[in-house]
Amino acid sequence: WNRVAFPMQMWASRMSAGVIEGIGISVLREGNLLHLPNTTLEVVEACSGIRSLISLMALSAAFAYFASLKKISKWAGFLAAIPIALLVNVFRLTATAAAEQWWGIKTTVGFIHDYSGLAVFASAMALLGAVYGAVKWLELKLQGLSGPSKFQSAGKKAPGGGKG
C-alpha cells in the first residue's frame, strides 16, 4: 500500500504545487506540505488519490467487462482510469488551495472538503464514460473504413454484374 500511496502523495503534491503556481497563487512545497500565503495544506495519505484510483479502476474493469468492444479497446479504456484518477486528484488539491486562498479556510474544511471528493469522483466517472464512448466511436469509425462496401452490406449487385 505504502509503495504506491506515498509516491502518489508526493506526485500529487508536486503537480498541484505547479498548477497552483500556474494560476497565480504563491506556493512553497516542502515534501507533502503546500505553504500558501495564508495557511499550509498537508497532502496526507488520504489525499494521495489511491482510493479513487482503486475505485475508478474497479469501475473501469466493470465497464470493460460489459462493453461490446475489442480486447485492445477494453484495455485502453481500463488503463485510462489511471491518468484520469491522477489528474482529478490534482484538480481537487488545486481547487482546495484556490478556495482557501480566495475565500478563506472555512470553505476548505468540513462539509465542502468532505463532499468535494464525491463531486470530483463523479467527474472522474464521467470522464471514464467519455473515454469508453470515444473508444467505441473510434472502433465504429475504423470498422466503417475497413468494413464491407455499401454494395456488400446492402446485398446489392456490385458494379460489373457480380455480387459484391
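The CG atom of Leu69 sits 8.5 Å away from the CG atom of Leu140 when rounded to the nearest 0.5 Å. The structure places CG of Asn32 at 15.5 Å from CH2 of Trp11, a figure rounded to the nearest 0.5 Å. For the atom pair Phe91 CZ and Thr96 OG1, the distance stands at 9.0 Å (nearest 0.5 Å). Here the CZ-CE distance, from Arg29 to Met10, works out to 7.5 Å after rounding to the nearest 0.5 Å.
Between Ile25 and Pro37, the closest heavy-atom pair is CG2-CD, 4.3 Å. Nearest heavy-atom pair, Leu86 versus Met8, reported as atom, atom and distance to 0.1 Å: CD2-CE, 3.7 Å. Across every non-hydrogen atom of Glu100 and Leu36, the tightest pair is OE1-CD1, 3.7 Å. His35 and Glu30 make their closest contact through NE2-OE1, 2.6 Å (heavy atoms, listed as atom of the first residue, atom of the second, distance).
Ser55 is linked by a side chain to side chain donor-acceptor pair (under 3.5 Å) to nothing, counting only residues two or more places apart in sequence or in another chain. Remark: Val19 pairs with Val90, Thr94 by the side-chain contact (heavy atoms from CB on, under 4.5 Å) rule, at least two apart or across chains. In terms of the side chain to side chain donor-acceptor pair (under 3.5 Å) criterion, residue partners of Ser68 (sequence neighbours excluded) are, by chain and number, Lys136. When the side-chain contact (heavy atoms from CB on, under 4.5 Å) test is applied to Phe63, the partners found at least two apart in sequence or on another chain are Leu59, Leu128, Tyr132.
Other cluster members for Phe66: Tyr65, joined by side-chain heavy-atom distances under 4.5 Å among Ile, Leu, Val, Met, Phe, Trp and Tyr.
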Anything under 3.5 Å between a donor and an acceptor, one on a side chain of residues 73-84, the other on a protein residue two or more places apart or in another chain? List them.
residue : atom : partner : partner atom : Å
Ser73   : OG   : Glu139  : OE2          : 2.5
Lys74   : NZ   : Ala64   : O            : 3.1
Lys74   : NZ   : Ala67   : O            : 3.1

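Under a cut-off of 6.0 angstrom, the local environment of CD1 in Ile72 is sparse, with at most 12 non-hydrogen atoms contributed by other residues, nucleotides or ligands.
Using modelled atom types, no side-chain atom of Ser60 and backbone atom of Leu56 make a donor-acceptor pair closer than 3.5 Å.
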